[in-house]
Amino acid sequence: MKVAVIGANGQLGTDVCEVFASKHEIFPLTHQDIEIADIDNVKKVLGEIKADAVVCTAAAHNVPKCETDPEGAFKINGIGSLNLAKVSADLGYKLVQYSTDYVFDGRKQKPYVETDAVFPQSVYAVTKYAGEQFILNYSERHFVIRVSGIYGKVPCRAKGGNFISTMVKLSKEKPEVRVVKDEILTPTPTKEIAKNTLSLIESDAFDVYHMTCEGEVSWYEFARTIFDTLQLKTPLFEASVKDFPLVVKRPFYSVLENANLKKINLNTMPHWKDALTAFLKENY
Ligand SMILES: NC(=O)c1ccc[n+]([C@@H]2O[C@H](COP(=O)([O-])OP(=O)(O)OC[C@H]3O[C@@H](n4cnc5c(N)ncnc54)[C@H](OP(=O)(O)O)[C@@H]3O)[C@@H](O)[C@H]2O)c1
């Protein structure tokens, strides 16, 4: 298969390119090569490539920045997705678009399945959900994949790092580190997402998917595992979300159940702890 990868130098895009290259011909596209908010550009670039599929990892996902620039966020997350859906449908491409656990409000307090009602709480989340809907309605051969708390070997370009690099940095700079115990999710390495996306894209099971590691963990417990594994000596303390100003509303429980992947026997996601241990061993 020939696969165009948008956001190829991003955190997830880098791993998608590497993992997919083992089996398919890859066309890596950075923001310099394509602007998803511009339909003429999308038509031109994807039309010239003549691929079979496009995987989009591009998004406006600096969450506080989206709040102050809703139009800019909608242009990329909403209209960008609409453009990709229309052009993919015209060209007969399969389309993968990544979305987010933030489409939920967190009140369920039990793992969310794909059919659960959404209630996005922020500009970022609303625009990502709009993107999902555009893709479902304007293209047929689509995989909309919701991920959560992602981390990879290259920093997230929109946020300038990930949770692990932030913990390592804080442990070096601060006398103590405080992390929230009452925000629960399932952090997931981009390499595992790339691997599971590869098996999914080879199928014709077009649908919405949750794709996160197994299990659930608070950010504090996740940080504790990082500190213990890397033997960071700086004291680490539990905190509450109430101890920090709430810059943007977000779900404090956003565990996703990979129900649709399991239904088609394609769930390859490991437990969060095994994935974290492997990532730390490989990268630190
Ligand atoms: N980070 C998380 O924890 C998290 C959680 C849930 C879901 N997600 C989703 O996961 C996906 C991947 O995130 P990531 O961390 O890999 O992001 P990233 O590192 O910021 O990479 C995004 C890539 O897309 C490019 N891009 C941005 N706007 C573009 C546009 N308008 N047209 C074309 N390319 C554009 C960026 O290029 P430039 O930097 O040069 O603009 C960059 O190469 C996103 O859809 C995000 O919403 C992330």
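The basis for the numbers below is simple: all heavy atoms, side chains too, and nothing from hydrogens, waters or symmetry mates. All residue numbers in this chain count up from 1 along the given sequence. Counting starts at 1 for both ligands and their atoms, in listed order.
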* Residue shell around ligand 1, heavy atom under 4.0 angstrom -> Gly7, Asn9, Gly10, Gln11, Leu12, His31, Ile34, Glu35, Ile36, Thr57, Ala58, Ala59, His61, Ile76, Tyr98, Ser99, Thr100, Tyr124, Lys128, Val147, Gly149, Ile150, Cys156, Arg157, Ala158, Lys159
* side-chain hydrogen bond (donor to acceptor under 3.5 Å, both in side chains) partner of Ser99, the single match among Glu132, His210, Arg146 -> Glu132
* To do: Kindly write out the residues that satisfy ring pair (Phe, Tyr, Trp, His ring centres under 6.0 Å) with Tyr284, not counting sequence neighbours, or none if the list is empty.
  => none
* Using side chain to side chain donor-acceptor pair (under 3.5 Å) as the criterion, list what pairs up with Glu173, not counting sequence neighbours. => none
* **Lys/Arg cation over aromatic Tyr112: Lys108, 6.0 Å, 45° cone** => yes
* To do: Indicate the ring-plane relationship of Phe279 and Tyr151, choosing parallel, tilted or perpendicular according to the 30° and 60° boundaries.
  => perpendicular
* Pairs satisfying salt bridge (Lys or Arg N to Asp or Glu O under 4.0 Å), at least one member in residues 93-102, at least two apart -> Lys94-Asp204
